Amino acid sequence: MRIDILTVVPELLESPLGHSIVKRSQNKGFVEIHTHNIRDYAKGSYRQVDDYPFGGEAGMVLMIEPIYTLIERLKSERSYDEIIYMSPDGERFNQKTANHLSTFENLIILCGHYKGVDHRIREHLITKEISIGDYVLSGGELAAAVVIDTIARVVPGVISDETSALSDSFQDNLLAPPVYTRPAEFNGWRVPDVLLSGNPKEIDKWKEEQAFERTKQLRPDLLDE
Ligand code: ADE
């Protein structure tokens, strides 16, 4: 799949997209990520991308022209399944949305900054708005990084042990069971005996029970869904 990210602060995305599984997903050729600086599409020697809001509120608003030019250029090159705007007003992001987005071929993700983008962009160009939670970030970049990381790990083939992404918390609306590694005993704190038993059937049963119990205790709302 291909993801085009539109931002006025591309630097904010460099590290989150350049390491770990997101990097591996690109190196292996499963995910292609292109970051575009909106400023490159702005006019004039100042390459202005933002302006004061009509109506006299505080803060600056990202202008429609450079974003329109960039989106139209991308759309002339390929068709996009969704043109997403990262916003606290958007639909709340969760694992189900990530799984669904991971099945698409081409996505555009627009990151707002300052007070947001000229509303005409949201009315006429955006097909979906996503929020990562009820709080306001300084821009959509970190939210976009969260969305892309979550998508990349469920793209088939990205995680070599295929069952690993499927056993993440929230797949099947259950939290993941606890995990342990060596040493089997530290400071008198022992790993549960069943995990050392070598009995795969018993181990699977224990994991299922733990996932259910932890979900019941920590996130009972997930069991109602
Ligand atoms: N931009 C600013 N805050 C955001 C949020 N909570 N989710 C997505 N994009 C945002």
Side-chain angles (χ1 to χ4, degrees), residues 1-22 25 31 33-42 48-55 57-68 70-71 74 80-104 106-155 168-170 173 219 221-222 225:
M1 78 179 298
R2 175 184 168 119
I3 304 174
D4 290 273
I5 312 170
L6 284 44
T7 168
V8 290
V9 200
E11 298 81 4
L12 277 174
L13 290 157
E14 275 168 19
S15 180
L17 302 182
H19 298 277
S20 187
I21 285 171
V22 182
S25 73
V31 183
I33 302 176
H34 298 263
T35 305
H36 306 271
N37 191 338
I38 294 167
R39 201 172 291 282
D40 295 340
Y41 296 80
Q48 184 180 0
V49 290
D50 56 345
D51 210 337
Y52 294 100
F54 283 125
E57 254 201 82
M60 301 296 271
V61 175
L62 286 180
M63 297 160 77
I64 189 165
E65 242 186 304
I67 293 172
Y68 175 82
L70 174 50
I71 290 180
L74 291 169
Y80 284 89
D81 300 290
E82 295 281 11
I83 302 180
I84 298 166
Y85 176 55
M86 301 308 306
S87 160
D89 310 353
E91 170 192 319
R92 182 77 68 85
F93 186 60
N94 59 22
Q95 190 65 53
K96 199 167 144 218
T97 309
N99 294 350
H100 183 59
L101 292 176
S102 75
T103 64
F104 288 146
N106 298 308
L107 296 176
I108 289 177
I109 302 184
L110 170 64
C111 306
H113 224 81
Y114 316 119
K115 267 215 107 48
V117 296
D118 186 309
H119 200 70
R120 289 167 291 185
I121 295 168
R122 298 168 68 173
E123 284 173 325
H124 300 290
L125 300 172
I126 296 299
T127 61
K128 187 180 190 65
E129 301 199 351
I130 293 181
S131 162
I132 63 161
D134 288 345
Y135 40 81
V136 179
L137 300 161
S138 308
E141 288 78 8
L142 298 180
V146 166
V147 167
I148 292 168
D149 187 296
T150 316
I151 293 174
R153 59 184 291 112
V154 290
V155 169
D168 282 346
S169 282
F170 301 110
N173 270 358
R219 289 293 307 275
D221 56 298
L222 291 175
E225 279 179 23

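Indexing begins at 1, ligand by ligand and atom by atom, following the structure's order. Note that the structure is predicted; figures quoted are calculated from it, not measured.
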Could you please provide the protein residues found below 4.0 Å of ligand 1 on a heavy-atom basis, arranged by chain and number?
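Near ligand 1, by chain and number: Met86, Ser87, Pro88, Ile130, Ser131, Ile132, Gly133, Tyr135, Val136, Leu137, Gly139, Gly140, Ala143.
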
Does Tyr52 have more than 12 heavy atoms from other residues, nucleotides or ligands lying within 6.0 Å of its OH?
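No, not enclosed.
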
Sub-4.5 Å side-chain heavy-atom contact between Ile151 and Leu107:
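Heavy-atom side-chain distance check passes, below 4.5 Å.
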
For residues 140-150, which residue pairs qualify under side-chain hydrogen bond (donor to acceptor under 3.5 Å, both in side chains), counting only residues two or more places apart or in two chains?
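Residue pairs passing side-chain hydrogen bond (donor to acceptor under 3.5 Å, both in side chains), neighbours aside: Thr7-Glu141, His113-Glu141.
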
N/O donor to acceptor pairs below 3.5 angstrom from side-chain atoms of residues 9-20, sequence neighbours left out:
none

Residues in side-chain hydrogen bond (donor to acceptor under 3.5 Å, both in side chains) with Gln48, at least two apart?
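Residues passing side-chain hydrogen bond (donor to acceptor under 3.5 Å, both in side chains) with Gln48: none at all.
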
Flag for Asn94-Thr97: side-chain donor and acceptor within less than 3.5 Å:
yes

